[in-house]
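Chain letters run A, B, ... following the sequence lines, proteins first, then strands; residues in each count from 1. Treat the numbers as computed from the prediction; the structure is a model and nothing was measured.
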Amino acid sequence: MAVATPESYLADLNEAQREAVLATEGPLLVVAGAGSGKTRVLTYRVAHLIRACGVKPNEILAITFTNKAAGEMRERLERMLGQTARAIWILTFHAACGRMLRREAERLGYRSTFTIYDDQDQVRLVKACLEELGKDPKRFSPRGIHAQISRAKNELVSPKEYAARVASFWDQTVAETYELYQRRLHASNAVDFDDMLMLTVQVFERFPEALERWRKAFRYVLVDEYQDTNHAQYRLLQLLGGEHGNVCAVGDQDQSIYSFRSADIRNILEFEKDFPGTQVVTLEQNYRSTNTILRAANSLIEQNTERKPKRLFSELGEGDPVRVIEVEDEHAEARFVAAEIASFIGGGFSASEIAVLYRMNAQSRVLEDVLVRQDVPYQVIGGPRFYERAEIRDATAYLSVLVNPQDATSLLRIANRPRRGIGDTSLQRLVTHAENSGRTLFQAMADPEAAGVTAASCRAIRSFHATMESLMALSHDLHVDELLELVLEKSGTLDALEAERTIEARGRIENLQELVGVAREYRQQAEEQSLAGFLQDISLVSDQDTIRDERGLVTLMTLHNAKGLEFRAVFMIGMEEGIFPHSRSIEEQGVEEERRLCYVGMTRAMERLTMTHTLARSLFGRREYNLASRFLDELPGEVERDRLRPASWSGYGSPVSAAVEPRPGVALSTGDSVRHGSLGEGVVTGIEPGGVVTIRFAADGTERRLMVEYAPLEKVE
DNA sequence: GGTAGCACCAAAAGC
DNA sequence: TGGTGCTACC
């Protein structure tokens, strides 16, 4: 591919976009409406800085919210700039802070090999702290306390400051727990996600020479999804970019949907005040949706007060009307959506161009039942994540201990996994003894007798300690993947799983093999290889990163997950008061954010948008009768409103015909093991003419007839 | 030290 | 309704 020249890429942009690319000096706020080509603006701006302004690639820091977004941006820039693009820091806030913090950790008394604790580790540690403080876990749920600590960190409130402004008894407990939690993290040479931001801010505030270095390093800073930044992230931006002022924030206040995880919409609303001399560019031309869809979305979002005026338009014509459909209950809703999907597919849409969006994950179940029965191929985004699976967490905990033996949380996790006769009692004794003798837990394991552990346990602990020491000795000379394989073998993990001889254990082994594959990939592509680096990489991977447009699959997901994506046809289900807006948001006066979420959903649709609401719905075992969502009332009069009566749904429910894109043929015979996209593992018990197979599923023992060509099946060897 | 059964709870989820 | 975390038992 030819190297991009300014003439060629500037011609690709509309006037506002070009303005945003060319305004390279000083603070710039790009208010980028949904589908207005903001990724293009960001990448072209970076390319322009390098190609036309003589900026070196390593002088640019481009921050995104997800690894996926960072990856996409890097890919695009590599296409435009070739190898040059590799030197640009295109990272998430956390990844960027992680890199800086590894170089500055010593200033705060951490070692550069620090471990990153994920949510599970964090809650575990909070729980341990609560127990140590003798707090009643019924009154103080570890989750709740942790959420409060996390919020404090995101607002850069230290344990000391928190303690100083305690306002209730509960708060008092949070303050005490926060203080102990932070001490324990530090003693374990570990940081949590929030620390990555907060500690980086601390380094910058307390060590001006460090700040100066990083400030000089990054002469140009760009931040995507600015509406979702929290206070700590805002402060980082101010520290890094406030002086030279070359800060470019891209975002859309109408798509701010993450206040529940500390995002502060104030950041974008007051950017101009925070960064004096800001130039504002608003991108209002939308390249995604029909004007009919945009009019509906505009009409909805105009009900919000916390916003600056902005009105999207497009040149993609009027298109089909937006539809609002009332149905009897959630089953009728699912049948209606399934039938509509079938008819869209029959009309030439590919399944992967269709999405069903809902407010809560629990809403997918009924829909899945109907889709399975009608052989509509689909994928659900969300649910258990690869890196959160127990076996994966165990394996990474082993690696954490090898790189950072101070890491007590990981050590406690793996001490008896697989079972090797080191029970809770023994571990508790070791923890106490370590504390009293001023040693780390790992050091205490070298001499378990001293902790007063029973003879049998002592033997087990000694042997475990010796295994870990020998692995540690090897860890410097081996590649990450080799070390991981050795860990799985020497720890007895593989043997234990193989001995189980169950399908589940088999799956776990496969997952572990996949992790080895990830490590092998890391070896091949990471520039600076280290075990700590590998662990950081995988602890920062998310669900979002794995969303792909799977060929031939309809996508089911929550509205939150849909952000940043687009589909030719979108269904939004459960448009009812109490569901959406969610009842909690109504109580907590968060309806404006719910409305923004609705806006995000609507603006995912390119051509067809259908919203449904039910008269009655069973939720958590109770039957509820909800009014239609207020959001539906806020749509313009031109939307098509229909009521589906019982008599008319009988027609809905006939299986999707051959219009579904056939998947590559899967040859099956009786007795084969198969895996279904949603139903899990099973065995083929019968084959019928016409490509119909009967499968008995292991999970619930039921038998189902499926069309081989269309069902999301794969053969398991 | 491991597991079965029961009580409890319930929004969204990036790094 | 269904998943999860803790207590009571083997």
Side-chain angles (χ1 to χ4, degrees), chain A residues 63-70 91-98 116-119 122-123 127 137-138 141-144 147 150 153-154 191-198 200 224-225 227-230 232-233 256-263 330 357-366 369 381-385 387-388 416 418-427 454 456-457 460 536-545 547 557-564 574 578-588 590 593-594 596-598 600-601 617-624 700:
Chain A
I63 294 183
T64 59
F65 253 77
T66 62
N67 292 296
K68 183 177 175 233
L91 298 166
T92 61
F93 263 110
H94 290 82
C97 287
I116 298 166
Y117 280 5
D118 69 7
D119 296 298
Q122 293 167 38
V123 175
K127 192 160 168 251
K138 293 217 171 59
S141 89
R143 276 229 154 270
S150 172
K153 289 187 174 186
N154 287 151
V191 303
D192 64 20
F193 286 135
D194 306 316
D195 279 343
M196 297 179 85
L197 308 173
M198 185 176 78
T200 306
D224 192 13
E225 306 281 10
Q227 74 283 354
D228 289 330
T229 50
N230 61 34
Q233 291 162 334
S256 167
I257 54 173
Y258 285 114
S259 73
F260 67 90
R261 50 176 212 225
S262 300
E330 72 273 21
L357 310 180
Y358 37 80
R359 183 62 178 78
M360 323 178 250
N361 287 116
Q363 287 172 265
S364 74
R365 267 195 59 86
V366 182
D369 286 346
I381 307 294
R385 299 180 207 162
Y387 289 102
E388 281 172 13
N416 201 29
R419 321 235 132 101
R420 50 171 77 90
I422 308 179
D424 280 345
T425 326
S426 305
L427 282 173
T454 58
S457 296
Q536 165 156 332
D537 272 16
I538 61 172
S539 64
L540 300 182
V541 171
S542 75
D543 228 34
Q544 280 289 320
D545 305 335
I547 298 178
M557 64 186 154
T558 62
L559 286 149
H560 281 90
N561 264 320
K563 189 155 157 213
I579 305 276
F580 192 31
H582 193 274
S583 49
R584 289 273 287 273
S585 77
I586 300 172
E587 292 158 24
E588 292 161 16
E593 179 154 313
E594 295 283 290
R596 292 193 288 267
L597 186 56
C598 187
V600 166
R617 156 184 317 269
S618 297
L619 199 63
F620 305 132
R622 254 203 309 278
R623 195 132 181 97
E624 288 177 2
D700 56 2

Per A/H560 side chain, nearest of listed nucleotides B/dA13, B/dG2, B/dA11: B/dA13

Options B/dG1, B/dG14, C/dG2, nucleotide nearest the side-chain atoms of A/S426: B/dG1

Most 5' of A/N416 and A/T558 on DNA chain B, judged by nearest nucleotide: A/N416

Residue whose nearest DNA chain B nucleotide is more 5′ - A/Q233 or A/R420: A/R420

Could you state the [atom1]-[atom2] distance from [X] to [N], rounded to the nearest angstrom?
{"X": "A/N230", "N": "B/dG14", "atom1": "CG", "atom2": "C1'", "result": "11 Å"}
{"X": "A/R143", "N": "C/dC6", "atom1": "CZ", "atom2": "C1'", "result": "16 Å"}
{"X": "A/H582", "N": "B/dA13", "atom1": "NE2", "atom2": "C1'", "result": "14 Å"}
{"X": "A/E594", "N": "B/dA13", "atom1": "CD", "atom2": "P", "result": "12 Å"}

Distance between C1' atoms of C/dG3 and B/dG14 (Å, rounded): 24 Å

Pairwise C1' distance for B/dA12 and C/dG5, with rounding to whole Å: 23 Å

Pair of N/O donor and acceptor under 3.5 Å linking B/dA13 base with A/R261 side chain: no

Side-chain H-bond candidate by donor/acceptor type, A/S262 with A/N154, under 3.5 Å: yes

Mutual orientation of the aromatic rings belonging to A/F260 and A/H560 [parallel < 30°, tilted 30-60°, perpendicular > 60°]: perpendicular

